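Report on the structure given below.
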Amino acid sequence: MAGYRSWILLLTVAGWTRAEIKFNIPAGKFFSYELMRETFQSDFEPLSQLYLGHLYDDPMVFKCNKQHFPDLPEWLRFTQRHPYDNGFLYGTPTSPGKSVIEIYAVNKRSYETTRQILVLNVIAAKSLPYQAEFFIKLREIEKVLPPAVQDEIKQDLQKLWDTEDLDIVNISNALDRGGRVPLPLAGHFEGVYVKAGSEQNFSACLMRARAPEHQLQCAAGAKVKVPGGCNFCSIPSNCISWCSTELFDLSQVEPSPPPPTLGSDVLEAVEEFAPPESPEDRNFLPDYIVTVIVPLVLALILCLLLAFVMFGRREGVEKRNAKTNQIQLYHHHTILDNTDELRTMADHRGVPPPLSTLPMFDSRTGSRATPADSPRVPLIMAQHDPHVDTLPSRK
Ligand SMILES: *[C@@H]1O[C@H](CO)[C@@H](O)[C@H](O)[C@H]1NC(C)=O
């Protein structure tokens, strides 16, 4: 017995052997399925933790797709606001058929994954003849999808419709229908559309939404209240916006157009295929002239123009400056002449320089020391003994 129990537990922990969950959904009725984080959490939990009675509360994200397909069926949507929230699969199937949905849960703490299989069997059903759509302004889709909230809304609508025979046909996010993302402030919500259907005709209250004066008021943008005696919302956030209420009477549906007649799948025999005659030759000369010759001529003209500007105009500039050049040339020559003249004058300077200009001239004795231009004589003599003639004798 104990062995049998642990075997069951092992199966649960492995996750992959979890039984398929099956649903039979009538076409045209709303379906929603809550992906409970707790159930997936028990798949992730190691045995020891289970025995200790301690469960983590891990963030989780889900990936849902139709088995062997990348995405969900067209009618089914998935939403999860936050990894710490439950996810929802919801939608309204329209045609009968079977879909196998794979749900992968990824634990964002340990990055383990587990899988669940959902088998949705859509069965044919008659669509409800009277349908009405309501807009709930103060709601978000995730807050409406839990079954308890759906029931609250349904009860309010049953009172409004004055019948017990009522089903929810569709619930959709206003953002999917062109709604705007609200400000991230308290009191701002995305809004939810709820469509309900019934076999019973619309109640007097609902018929008021059809009244022309009501529609005029709404078109004028006035804040129209739910008419007196028709306000059945028990919870303020479930109240409908009266102006966005729409009624659909599907009881007198026009007959669908006849299906197209099918042929025998065989094409009728026709005579042999005659290809059309080949078109006559085209004359490409005009094209050639336009695309090659004309640009070439233009380029040539531009070249000539540029050449003229570069060479012809330069000459003109020199002509204008010729006079200035001549003056400059004249200056140059006079400078040269003057220099020459100074040079020749300097050549004739044979007079010895005044004695006082010589470096070693003693004004008292009148003796002249060494030639001033001798490179071997230092300019300043070493003075070690004042009585000794320090001047080197030169022979
Ligand atoms: C339900 O609402 C969604 C969103 O507006 C829409 O795409 C879908 O066709 C609706 N389904 C039915 C059966 O009306």
Side-chain angles (χ1 to χ4, degrees), residues 23-35 62 64-66 69-81 87-99 101 118-147 149-154 156-158 160-161 163 165-182 189-202 206 209-210 218 238-254 256:
F23 286 100
N24 286 327
I25 316 161
K29 295 248 167 66
F30 185 68
F31 164 77
S32 68
Y33 177 68
E34 189 166 4
L35 308 178
F62 300 98
C64 308
N65 62 281
K66 194 172 165 177
F69 289 90
D71 210 347
L72 285 171
E74 192 190 9
W75 60 272
L76 195 61
R77 285 164 192 260
F78 170 74
T79 180
Q80 185 192 17
R81 181 95 2 176
F88 290 95
L89 280 168
Y90 67 99
T92 310
T94 45
S95 50
K98 189 171 147 183
S99 320
I101 309 294
L118 216 61
V119 180
L120 305 180
N121 196 14
V122 181
I123 45 184
K126 228 169 109 275
S127 75
L128 296 164
Y130 298 99
Q131 297 191 358
E133 191 169 65
F134 307 95
F135 180 57
I136 302 179
K137 204 176 148 197
L138 302 179
R139 282 292 197 186
E140 277 158 5
I141 186 88
E142 290 89 355
K143 299 281 157 55
V144 166
L145 288 174
V149 182
Q150 282 187 45
D151 276 343
E152 286 167 12
I153 293 171
K154 193 171 159 181
D156 287 351
L157 294 182
Q158 278 172 341
L160 181 65
W161 207 303
T163 175
D165 167 30
L166 181 131
D167 278 311
I168 289 183
V169 170
N170 203 354
I171 296 182
S172 54
N173 192 340
L175 295 188
D176 294 338
R177 312 198 13 177
R180 294 178 65 175
V181 177
F189 302 93
E190 289 164 3
V192 173
Y193 283 95
V194 177
K195 201 175 194 179
S198 172
E199 297 281 351
Q200 295 284 316
N201 203 339
F202 302 118
L206 279 175
R210 278 225 171 138
C218 283
N238 287 349
C239 291
I240 60 171
S241 316
W242 191 241
C243 268
S244 306
T245 303
E246 258 191 277
L247 307 184
F248 305 90
D249 190 344
L250 308 178
S251 52
Q252 296 114 28
V253 194
E254 63 270 25
S256 53

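These numbers were taken from a predicted model, which means no experiment stands behind them. Counting starts at 1 for both ligands and their atoms, following the listed order. What's counted below: heavy atoms across the whole structure, side chains too, no hydrogens, waters or symmetry copies.
- In the displayed structure, Glu199 atom CD is contacted under 6.0 Å by more than 12 heavy atoms of other residues, nucleotides or ligands.
- Relative orientation of the Phe23 and Tyr33 rings is perpendicular, given thresholds of 30° and 60° on the angle between their planes.
- The backbone N or O of Asp249 lies less than 3.5 Å from no partner atom in the side chain of Gln252, so there is not a single donor-acceptor pair.
- The aromatic rings of Phe62 and Phe78 lie perpendicular to each other, with more than 60° between the two planes, well past the 30° mark.
- Ligand 1 lies under 4.0 Å from heavy atoms of Arg77, Thr92, Thr94, Asn170, Ser172, Arg177.
- Note: Phe31 and Trp75 have perpendicular aromatic rings, judged against thresholds of 30 and 60 degrees for the angle between ring planes.
- Under the rule for a side-chain contact (heavy atoms from CB on, under 4.5 Å), the partners of Pro146 that lie at least two apart in sequence or sit in another chain are Phe88, Val149.
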